[in-house]
Amino acid sequence: HIISEGYGATEIFFIQEASVILAERLRQNLTLSEKYFLIYPSHSDGGRNQNSMILLNRGSFLESSWQDLTSQAESLLDGAFLAPGDLIAASVRDSTGREWLLASFHGDGADGGLRGEAVAVAVEG
């Protein structure tokens with residue numbers, strides 16, 4: 001497996017354009033699920049298979065601390081269209097107690113990347 005063999009020391013993976021099946025397989029893989037936990041928005045899209053997710057190292061981050069902030073970020077987008085699963089925004093505490101704001105975003109190339117700046121501002125907001 002690419003993750004366990006090539007990137008075993010990595011603390012955070014930002015994943016875009018992933019299928020819901022990938023999320024299921026990551027959770028079912030005992031080696032990976034012992035080392036990592038997966039977060040993704042509650043309104044992922046199983047049909048489009050273009051979901052954003054974040055995989056976090058259990059030794060570095062506290063799974064019980066993560067909160068999905070995707071809806072809050074989306075509410076600040078002033079009508080910019082996002083499809084379900086395009087964005088995951090979350091807060092999570094690391095093992096030292098420091099809080100992190102993490103986001104993974106997939107935007108279609110059809111808009112020339114114009115939504116990227118709006119999403120960054122909304123997540124920061």
Between S60 and N57, is there a donor-acceptor pair closer than 3.5 Å when you use the side chain of the first and the backbone of the second? no
Write down the atom of I54, the atom of S104, and the distance for their closest heavy-atom approach. CG1-CB, 3.9 Å
Going from CG on L56 to CE on M53, what distance comes out if it is rounded to the nearest 0.5 angstrom? 13.0 Å
Test side-chain contact (heavy atoms from CB on, under 4.5 Å) on I39 and D68; report intermediate values, then the result. CA-CA 8 Å; I39 60 176; D68 189 348; over 6 Å; no
When rounded to the nearest 0.5 angstrom, what distance separates CG in L62 from CD in E99? 10.5 Å
Residues R58, E34: salt bridge by 4.0 Å N-O rule: no
Roughly how far, to the nearest 0.5 Å, is the CG atom of D86 from the CD atom of Q50? 7.0 Å
Are the side chains of L55 and T10 in touch, meaning some heavy atoms are under 4.5 Å apart? no
Donor-acceptor contact below 3.5 Å, side chain S65 vs main chain V92: no
Would you sort out whether S33 and Q28 count as a side-chain hydrogen bond (donor to acceptor under 3.5 Å, both in side chains), showing the intermediate values? CA-CA 7 Å; S33 63; Q28 291 170 354; over 6 Å; no
How long is the span from the CG atom in L26 to the CD1 atom in I21, to the nearest 0.5 Å? 12.0 Å
Answer yes or no: is there a donor N or O on one side and an acceptor on the other, between the side chain of N51 and the main chain of A18, under 3.5 Å? yes
Centre-to-centre under 6.0 Å for F13 and Y36, is that the case here? yes
Do other residues, nucleotides or ligands put more than 12 heavy atoms under 6.0 Å from the CZ atom of R25? no
Contact check, side chains of T70 and Y40, non-hydrogen atoms, under 4.5 Å: no
Give a yes or no answer on whether the side chain of S52 reaches the backbone of I88 with a donor-acceptor pair at less than 3.5 Å. no
On a heavy-atom basis, the closest approach of T31 and N29 is N-OD1, 3.1 Å
Mind checking whether W100 and F14 sit in one hydrophobic cluster, side chains of I, L, V, M, F, W, Y counted as touching below 4.5 Å? yes
Between A89 and A73, the two heavy atoms sitting closest are CB-CB, 4.4 Å
Point-to-point distance, once rounded to the nearest 0.5 Å, from CG of L32 to CZ of R27: 12.5 Å
Over all atoms of both residues, closest heavy-atom pair of E74 and L87: CG-CD2, 4.2 Å
With a 6.0 Å cut-off on the ring centroids, do F61 and W66 count as close? no
Do R93 side-chain atoms and R98 backbone N/O form a donor-acceptor pair below 3.5 Å? no
